[in-house]
2 protein chains.
Amino acid sequence: MRIGQLADLLGIQTQTIRFYEKKGLLPLPARSYNGYRVYTEKHYKRLKFVCSCRAIGLSLSETRRLQDYQDNPHQPCSAVNTLIDEHIMHIRSQITSLQDLEKQLTSIRTSCTGQSKVIACTILNKIDEIESVSCNRDV
Amino acid sequence: MRIGQLADLLGIQTQTIRFYEKKGLLPLPARSYNGYRVYTEKHYKRLKFVCSCRAIGLSLSETRRLQDYQDNPHQPCSAVNTLIDEHIMHIRSQITSLQDLEKQLTSIRTSCTGQSKVIACTILNKIDEIESVSCNRDV
DNA sequence: TAAAAACTATAAAGTTACTATAAGGTCAAG
DNA sequence: CTTGACCTTATAGTAACTTTATAGTTTTTA
């Protein structure tokens, strides 16, 4: 299988596959006489695992750690559980931050009907009134 | 006011202020004889607005667009409303994605007690079984 | 059969919103 | 007169790709 077919199978781009390869998330494929990458079922499975990890929001380095556990399966799996637990906690805290944010934005939004001019727009005034204790990024 | 004081006032780093300046989000400050940046109340207000925009999750380019509206306030403010509306929609869709994700992760997680070895760990198997229609990023 | 399209390759730069590092100039206090 | 706390610029690093440039290969079509 060539890179384009593999990419189509998983709904990703060929560059992404090369990128994962460079990051060490995919074993190096064989090359055909013309230099094209040749993939097997094994590569497909590995890549699918990476895509699945991405789909549940794991980072590439977390994904890599899970791959290590897959490759050395005779360890206790508590570390896997911990990784997932921490990820769940992270997602939960993201959810609450976003919910707070949504409330704040909705309150800002409803203060203006959108019929006035910017000079009288309460939205910009309301933004000006936010006291950001400290700018909280990566919400 | 020098850059360090301004940074302290807003709880950000001096590099961040220089970065915003380079991005065109802050007017160029005057320089004192030794080359140090000299800020006024006007700069403080501008920067505070940027911080507030960041605090409600707006990107720097969205922030810039709002600044443009502030600077040309004799337009209808419907565009401001639209920008905020779209941002709210974006945040809501992020929330639902994350909630779905949390459910999926919790179900994956509860399938394993963490007492076994990786070889028998149901978590990795469950991840393998995910059919990611298309890897959905930036969740 | 020859040109056009679709595919592959590499390398390097762009994206976002910063943070970190390096190497150096300025200034007040001890 | 040196130490420490500021300030300056420029460059590189972060995550997870995407885009662009340049070029070679294969397949399709006229």
Side-chain angles (χ1 to χ4, degrees), chain A residues 1-26 28-39 43 47 49-67 87 90-91 94 97 132 134-139, chain B residues 1-26 28-39 43 47 49-67 87 90 94 132 134-139:
Chain A
M1 193 183 347
R2 295 198 312 202
I3 196 166
Q5 295 169 271
L6 183 59
D8 286 347
L9 274 182
L10 288 159
I12 62 177
Q13 292 193 282
T14 55
Q15 299 102 304
T16 308
I17 297 178
R18 294 193 198 100
F19 173 76
Y20 287 159
E21 176 185 314
K22 199 155 59 178
K23 288 277 167 177
L25 288 154
L26 276 181
L28 293 176
R31 299 289 183 130
S32 62
Y33 69 98
N34 56 13
Y36 289 8
R37 288 170 178 78
V38 180
Y39 293 103
H43 296 94
L47 184 53
F49 182 77
V50 175
C51 288
S52 298
C53 286
R54 295 295 299 129
I56 56 174
L58 295 173
S59 69
L60 294 185
S61 76
E62 286 166 332
T63 301
R64 190 103 130 91
R65 270 156 61 202
L66 289 186
Q67 285 184 336
H87 188 53
H90 180 227
I91 287 186
Q94 274 185 279
S97 307
S132 34
S134 76
C135 305
N136 48 333
R137 305 257 158 39
D138 19 273
V139 174
Chain B
M1 191 182 353
R2 295 197 312 204
I3 197 166
Q5 296 168 270
L6 184 59
D8 286 348
L9 274 182
L10 288 160
I12 62 177
Q13 291 194 282
T14 56
Q15 298 105 301
T16 307
I17 297 178
R18 294 195 197 98
F19 173 75
Y20 287 158
E21 176 185 313
K22 199 155 61 178
K23 288 277 166 178
L25 289 154
L26 275 182
L28 294 177
R31 299 289 184 132
S32 62
Y33 69 97
N34 54 15
Y36 290 8
R37 288 171 177 80
V38 180
Y39 293 103
H43 296 94
L47 184 52
F49 182 77
V50 175
C51 288
S52 298
C53 287
R54 294 295 300 128
I56 57 174
L58 296 172
S59 69
L60 293 187
S61 77
E62 287 166 331
T63 302
R64 190 101 131 92
R65 271 157 59 201
L66 289 187
Q67 285 183 337
H87 188 53
H90 181 227
Q94 274 185 280
S132 33
S134 74
C135 304
N136 48 334
R137 305 256 157 38
D138 20 272
V139 175

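Just so it is clear: chains get the letters A, B, ... in the order the sequence lines come, proteins before strands, and each one is counted from 1. From a predicted model like this one, the values you see are computed outputs, not experimental measurements.
Counting only heavy atoms from C-beta outward, the side chains of Phe19(A) and Leu60(A) approach each other to under 4.5 Å. Contact annotation: the side chain of Gln94(A) never approaches that of Gln94(B) to less than 4.5 Å [non-hydrogen atoms, C-beta and beyond]. A heavy-atom distance below 4.5 Å is not found between the side chains of Lys23(A) and Arg64(A).
Dashed line: the shortest gap from a side-chain N or O of Arg54(A) to OP1 or OP2 of dC17(D) is under 4.0 Å. Regarding contacts with the backbone of dA16(D), every side-chain N or O of Arg64(A) stays at 4.0 angstrom or more from both OP1 and OP2. At least one side-chain nitrogen or oxygen of Thr16(B) sits closer than 4.0 Å to the OP1 or OP2 atom of dT19(C). Applying the 4.0 Å criterion to OP1 and OP2 of dA16(D), one finds that Tyr20(A) has every side-chain N and O outside that range. Taking side-chain N and O atoms only, Tyr33(A) has a distance below 4.0 Å to OP1 or OP2 of dT26(D). Phosphate contact (OP1/OP2 of dC7(D), side-chain N/O of Asn34(B), threshold under 4.0 Å): absent.
With rounding to whole Å, Ile12(B) atom CD1 is found 9 Å from dT19(C) atom P. A straight line from CD1 of Ile56(B) to C1' of dA17(C) spans 17 Å, rounded to a whole angstrom. The CD1 atom of Ile17(B) sits 14 Å away from the P atom of dC6(D) (whole-angstrom rounding). Atom CG of Asp8(A) and atom C1' of dC7(C) are 11 Å apart (whole Å). The interatomic distance linking Leu60(A) (CG) with dA15(D) (C1') rounds to 8 Å, in whole Å. Lys23(B) places its NZ atom 7 Å from the P atom of dT15(C), with the value rounded to the nearest Å. Computed from coordinates, the Leu47(A) CG to dA16(D) P distance equals 15 Å when rounded to whole Å. In this structure, Leu6(A) atom CG and dC7(C) atom C1' are separated by 15 Å, rounded to whole Å.
Within 4.0 Å (heavy atoms only), Arg37(B) reaches sugar-phosphate atoms of the nucleic acid but no base atom. Arg18(A) comes within contact range of at least one nucleobase, with a heavy-atom separation under 4.0 Å.
In terms of the ring-ring contact (aromatic ring centres under 6.0 Å, His included) criterion, residue partners of Tyr39(B) (sequence neighbours excluded) are, by chain and number, His43(B). Tyr36(A) meets the ring-ring contact (aromatic ring centres under 6.0 Å, His included) test with no other residue; sequence neighbours excluded.
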Table of protein N/O atoms under 3.5 Å from nucleotides 19-24 of chain D N/O atoms:
from, atom 1, to, atom 2, distance (Å)
dG24(D), N2, Tyr36(A), OH, 3.0

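Interatomic distance, CD1 of Ile17(B) versus SG of Cys51(B), reported as 8.0 Å (0.5 Å rounding).
Residue Phe19(A) has its side chain nearest to dA16(D) when only dT9(D), dA16(D), dA17(C) are considered.
With hydrogens and angles disregarded, no donor-acceptor distance shorter than 3.5 Å links the side chain of Arg2(A) to the backbone of Leu6(A). With His87(B) contributing its side chain and Glu62(B) its backbone, the two residues share no donor-acceptor pair below 3.5 Å.
Projected onto DNA chain C by closest heavy-atom contact, Ser61(B) and Glu21(A) fall at different nucleotides, the more 5' of which corresponds to Glu21(A). Annotation: of the two residues near DNA chain D, Lys22(B) and Gln5(B), the 5′-most nearest-nucleotide partner is Gln5(B).
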